[in-house]
Amino acid sequence: MKLQQKSSGESSGSVNEHTSSGNLKPFITSEEIQARIKVLAAQISRDYAGKIPVFIGVLNGSFIFISDLVREVSVDVEIDFLKLSSYGDSKISSGEVKLLKDLNCQIDGRDIIIVEDIVDSGLSIKYIRDLVLSHNPSSLEFCTLLMKKGLSNLSFDIKYTGFEIENKFVVGYGLDYAQKYRNLKEICILES
Ligand code: IMP
Ligand code: MG
């Protein structure tokens with residue numbers, strides 16, 4: 001099959017068309033995200049040399065991040081997913097975390113890396129930590145693309161963080177508002 005070539009006037013595709021519409025303010029470009037992922041993946045590859053870590057993505061928000069991340073990691077990996085209750089159609093956490101999909105793999109004795117899209121209040125990640133630790137993994141670390149500054153009062157470290165951001169509601173690159181905007185290539189601030 002012959003692939004069609006782009007005409008010279010077409011954009012490189014790093015910005016989705018709907019980004020320029022309405023209340024979306026471009027925040028972190030696709031190029032910045034990919035560059036940061038390469039750095040995180042190199043760090044993870046060094047830290048897990050000779051091991052086969054299990055990456056556990058937290059659905060739905062982390063699906064794009066985890067798929068780009070694992071493709072930059074040079075050690076063998078296994079992948080599984082957890083699904084937690086979401087914010088629903090709200091911008092504010094309900095304060096209650098529910099497990100909607102449990103793990104499918106055995107994680108006792110394994111090296112686990114939890115992959116999140118964003119840590120906001122920290123409630124979800126605390127819930128996941130307790131859940132995973134109850135299965136006796138050999139080690140447990142967290143990797144989040146975004147971390148809202150100063151909001152979560154975590155008693156443990158997040159070893160791999162993509163970007164620390166101010167307390168704004170962001171969408172794109174997997175993150176949604178009422179299930180919309182996950183397919184933006186970049187991250188935008190959703191202004192109200
Ligand atoms: P936490 O439990 O408050 O830390 O929230 C974690 C989850 O809430 C994330 O995994 C996201 O799914 C969602 N979330 C938090 N902040 C945002 C945001 O700014 N945009 C989109 N989703 C968010
Ligand atoms: Mg999430």
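We use all heavy atoms of the structure for the numbers below, so side chains are in, but hydrogens, waters and symmetry mates are not.
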(request) Measure the shortest side-chain to side-chain distance between I33 and T29 over non-hydrogen atoms and say whether it is less than 4.5 angstrom. (result) no

(request) For the pair S121 (side chain) and L123 (backbone), establish whether a donor and an acceptor sit closer than 3.5 Å, ignoring hydrogens and angles. (result) yes

(request) Answer yes or no: is there a side-chain heavy-atom contact under 4.5 Å between F27 and V170? (result) yes

(message) Looking at D157, I want to see if its CG is surrounded by more than 12 non-hydrogen atoms of other residues, nucleotides or ligands under 6.0 Å.
(response) no

(request) Sort out for me which residue in F65, Y160, F63 forms a side chain to side chain contact (heavy atoms under 4.5 Å, CB included) with V115. (result) F65

(request) Check whether any side-chain N or O of R182 sits under 3.5 Å from a backbone N or O of V171 as a donor-acceptor pair, and report yes or no. (result) no

(message) When you compare the side chain of Y173 with that of L184, does any pair of heavy atoms fall below 4.5 Å?
(response) no

(request) Evaluate the side-chain proximity of N23 to L190: yes if any heavy-atom separation is below 4.5 Å, no if none is. (result) yes

(request) Identify whether NZ of Lys or CZ of Arg in R129 sits under 6.0 Å from the centre of the six-membered ring of F156 and within 45° of that ring's axis. (result) yes

(request) Can you sort out the partners of K159 under salt bridge (charged side-chain N to carboxylate O under 4.0 Å, His left out), two or more places apart, ordered by chain and number? (result) D47

(request) Apply side-chain hydrogen bond (donor to acceptor under 3.5 Å, both in side chains) to K83 and list each qualifying residue two or more places apart in sequence or on a separate chain. (result) N60

(request) Scan residues 69-78 for pairs that pass side chain to side chain donor-acceptor pair (under 3.5 Å), counting only residues two or more places apart or in two chains. (result) S45-S74, D68-R71, E78-R110

(message) When you compare the side chain of I125 with that of L154, does any pair of heavy atoms fall below 4.5 Å?
(response) yes

Review item, side-chain donor-acceptor pairs of residues 133-146, under 3.5 Å, at least two apart:
from, atom 1, to, atom 2, distance (Å)
S134, OG, L131, O, 2.6
S139, OG, D111, OD1, 2.6
T144, OG1, L146, O, 2.8

(message) Suppose we screen for side chain to side chain contact (heavy atoms under 4.5 Å, CB included). Which residues come up paired with N104, at least two apart in sequence or across chains?
(response) D80, K101

(message) For K148, is there an ion pair with E166 - N to carboxylate O distance below 4.0 angstrom?
(response) no

(request) Check for a donor-acceptor pair, side chain of S62 on one end and backbone N or O of E116 on the other, with a separation under 3.5 Å. (result) no

(request) Tell me, please, which residues at least two apart from Q43 pass side-chain hydrogen bond (donor to acceptor under 3.5 Å, both in side chains). (result) none

(request) Quick one: closest heavy-atom pair of I64 and G174, and the distance? (result) CD1-N, 3.7 Å

